[in-house]
Amino acid sequence: MRYSAMHLPTGREVPSDAEVISNQLMIRAGMIRKLTSGIFSYLPLGYRVIRKVEQIIREEMDKAGAQEVHLPMVQPAELWQESGRWTFYGKELLRFRDRNDRDYCLGPTHEEVITDLVRNDIKTYRQLPRNLYQIQTKFRDEVRPRFGVMRCREFGMKDAYSFDADEAGAEKSYERMFTAYNNIFRRCGLEYRPVEADSGSIGGSFSHEFMVMADSGEDAIVFCEQCRYAANLEKAEIARPEKTNVTEKDWLTLESVETPDVRTIEEVSAFLNVSPQQIVKTLIFNADGKPCAVLIRGDQNVNEVKVKNYLGAAELEMADDEMILKATGAPRGFAGAVGIKVRVIADYSVENMVNFVTGANRQDYHLKNVNIGRDCQVESFADLRVSEPGDPCPRCAGTIRFVRGIEVGHVFKLGTKYSKAMKAVYLDKDGKEKTMIMGCYGIGIGRTVAACIEQNYDENGIIWPMPLAPYTVIVTPVNINEPDVMKAAEDIYGQLLACGVEVILDDRDERAGVKFKDADLIGIPLRVVVGPKNLAQGHVELKIRKTGESRLCETGGIVSDVQKIMDSELKKVCG
RNA sequence: CGGGGCGUAGCGCAGCCUGGUAGCGCGCCUGCUUUGGGAGCAGGAUGUCAGGUGUUCGAAUCACCUCGCCCCGACCA
């Protein structure tokens with residue numbers, strides 16, 4: 001493509017509302033424009049990158065045995081009522097009415113539609129398994145769109161749904177998608193990690209998020225320095241600590257102390273001159289309307305997802321003042337396990353604690369030298385806290401560390417949540433009716449592109465990994481008014497085009513500096529500079545965007561030089 | 001939903017407090033010079049000052065309302 005004819009409006013200034021680097025660069029590089037909050041247009045350069053990602057996804061999905069479909073974006077309310085999500089989904093679901101006053105929504109995801117499709121056409125085990133996918137625009141009316149295309153309302157997504165006859169088949173489908181996702185993100189040239197994720201109330205332990213490492217990422221990822229263990233913060237397990245040798249002989253006499261208006265761990269710690277590690281924090285939760293006390297060491301935090309899963313609760317929130325008063329007999333800030341009349345569970349962190357401090361369930365009092373077994377009882381000890389850097393790895397002897405990441409993909413074993421609600425059934429060999437087992441697998445397309453930029457940029461702009469680059473090469477004649485220079489540039493451009501290389505000829509009547517700046521900004525991996533001095537010696541310059549390395553090449557051999565570099569780059573991502 | 005901020009030329013901003021004919025930089029157009037890292041000089045075009053109502057002789061500026069956008073928090077996959 002000739003630059004002079006391209007719609008490629010680059011900009012020097014950073015738009016005032018662009019916060020993250022990928023958003024700034026995508027706007028400056030002429031890839032996207034914001035239409036309104038959380039809704040973007042893709043310009044030619046941006047859309048080319050989108051299509052690169054989509055193409056890689058298509059190839060790997062097809063290879064994994066999935067088949068592409070295209071489902072409607074506008075969906076009738078009935079389907080959502082059938083799955084129960086019409087009322088459950090909340091305001092993220094954009095609802096509207098047609099001229100006949102019927103309710104519809106814009107699809108934020110397509111479980112209902114696909115389940116409806118499959119239940120109508122699949123009747124027998126002979127038609128299973130099936131894996132159908134689509135690349136579609138989704139709409140989620142996000143509470144707060146931000147970070148450009150990373151968290152927006154209208155966005156492109158690849159979503160796949162698998163249907164299997166039994167658990168073993170569903171697991172195989174899941175494994176296939178897991179492998180496909182690894183192939184996809186590796187081929188995109190991204191530094192990523194699959195991490196174990198919480199599968200929530202749907203059940204089953206099969207859920208992985210694919211995270212691209214980036215400091216600007218919204219999610220905290222926990223990983224082991226030594227083994228391959230990685231999980232998101234919600235899910236991150238903590239190994240049960242070794243039991244220490246403590247006997248009842250070590251127990252001191254229980255003491256009640258007056259602590260007027262001393263409530264928080266910091267206040268208690270300062271007032272009684274004890275470290276937070278010697279205090280047991282007692283949190284009262286409201287689990288499906290019933291109070292439950294959770295004990296944890298004073299310096300640590302409760303992971304509510306773990307508590308929720310442990311209790312098997314549908315809803316879990318911190319108890320309100322009224323429930324706390326009823327459960328403990330004291331206002332907020334003085335709860336403790338001694339004499340409490342509600343269910344008590346404890347994090348592993350308190351298992352080895354002796355002679356600790358805790359609330360007295362009495363306003364303005366705390367207890368010292370409390371010991372579990374003598375002064376209070378605990379239903380059980382469990383892993384209920386938020387992981388911290390330095391924790392032991394739950395899988396090996398290694399140590400846990402944290403990084404930040406951007407979630408670009410999610411594979412999820414759904415089980416029968418939708419197939420049951422919507423009666424997606426088949427007849428097995430014995431003629432018995434059975435419910436299909438589903439999985440769903442998503443990839444955020446725009447988010448993948450943004451994540452790639454977050455990982456590949458410098459002060460001059462984007463640095464595309466070759467597989468996602470909108471163009472591979474830009475040929476830059478330093479001055480188009482010098483006939484020899486321009487002729488040589490045209491010649492190289494023509495040869496590259498003939499070889500099927502995606503190439504831009506920067507034929508604009510601009511100064512060299514302007515062309516270099518634009519080429520760097522839009523991140524084209526290879527630049528061939530044609531200048532009068534080098535040309536006179538039979539040379540052109542080949543510059544590598546990523547390394548900044550620049551070499552002189554024979555004018556006649558430049559095409560094969562370019563192809564060599566392209567081949568070796570390709571080898572890196574396809575092994 | 002709670003709190004805060006912003007809205008003036010395509011982009012980035014000043015002007016507003018203290019009311020009096022709309023400004024700067026970049027970009028854009030024309031000409032000359034220049035030509036390997038966002039050139040120089042000269043000339044030029046561009047505005048519903050977000051919208052509405054009010055106060056005033058007079059409103060970008062003051063008051064009230066509406067809309068849009070952004071940030072922090074809560075929420076969600």
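- Taking every side-chain heavy atom of A:D520 into account, B:G37 is the closest of B:A39, B:C75, B:G37.
- A search for side-chain contact (heavy atoms from CB on, under 4.5 Å) contacts involving A:E191 returns A:M213, A:Q455, not counting sequence neighbours.
- Put simply, the side chain of A:R527 and the base of B:G37 share a donor and an acceptor less than 3.5 Å apart.
- B:G4 and B:C65: their P atoms are spaced 14 Å apart (whole Å).
- The closest side-chain heavy-atom distance from A:I565 to A:L526 is below 4.5 Å.
- Listed nucleotides B:C70, B:A77, B:U34 differ in distance to A:R140; the shortest reach to its side chain belongs to B:A77.
- Applying the side-chain contact (heavy atoms from CB on, under 4.5 Å) test to A:I39 and every residue at least two apart in sequence or in another chain returns A:L35, A:T36, A:F139, A:R153, A:E154.
- Residues meeting the side-chain contact (heavy atoms from CB on, under 4.5 Å) test with A:Q136, sequence neighbours left out: A:H70, A:M73, A:H110, A:Q134, A:K138.
- Of the candidates B:G36, B:C76, B:C71, B:G36 carries the atom nearest the A:F516 side chain, counting heavy atoms from C-beta on.
- For A:E112, the side chain to side chain donor-acceptor pair (under 3.5 Å) partners two or more places apart in sequence, or in a different chain, are A:S83, A:R85.
- For the segment residues 471-486 of chain A, residues with any heavy atom less than 4.0 angstrom from an atom of RNA chain B are, sorted by number, A:V478, A:N479.
- Rounded to whole Å, the separation between the P atoms of B:U33 and B:G38 comes to 22 Å.
- For A:N460 against B:G37, a side-chain-to-base donor-acceptor contact under 3.5 Å is absent.
- For A:K543 against B:G36, a side-chain-to-base donor-acceptor contact under 3.5 Å is absent.
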Give each protein N/O atom lying under 3.5 Å from an N/O atom of nucleotides 26-29 of chain B, with the pair distance.
residue : atom : partner : partner atom : Å
B:C26   : O3'  : A:R12   : NH2          : 3.4
B:G27   : OP1  : A:R12   : NH2          : 3.3

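- Across the interface with RNA chain B, nearest-nucleotide mapping of A:G11 and A:D509 shows A:D509 to be the residue nearer the 5′ end.
- Residue pairs meeting the salt bridge (charged side-chain N to carboxylate O under 4.0 Å, His left out) criterion with at least one partner in residues 28-47 of chain A, sequence neighbours excluded, are A:D17-A:K34.
- B:C26 and B:C41: their P atoms are spaced 9 Å apart (whole Å).
- Within 4.0 Å (heavy atoms only), A:P15 reaches sugar-phosphate atoms of the nucleic acid but no base atom.
- Screening residues 542-551 of chain A for side chain to side chain donor-acceptor pair (under 3.5 Å), with sequence neighbours left out, gives A:D458-A:R545, A:E541-A:S550, A:E549-A:R551.
- Straight-line distance between the P atoms of B:U56 and B:A63: roughly 16 Å, to the nearest whole Å.
- For A:P525, the side-chain contact (heavy atoms from CB on, under 4.5 Å) partners at least two apart in sequence or on another chain are A:M466, A:A469.
- Toward the 5' end of RNA chain B, the nearer of the two residues A:T36 and A:E541, judged by each one's closest nucleotide, is A:E541.
- In this structure, A:N23 has no side chain to side chain donor-acceptor pair (under 3.5 Å) partners at least two apart in sequence or on a different chain.
- Judged as a side chain to side chain donor-acceptor pair (under 3.5 Å), and not counting sequence neighbours, A:D215 has no contacts.
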Protein proximity profile, nucleotides 1-9 of chain B - base contact B, sugar-phosphate-only contact S, no contact -, cut-off 4.0 Å on heavy atoms: ---------

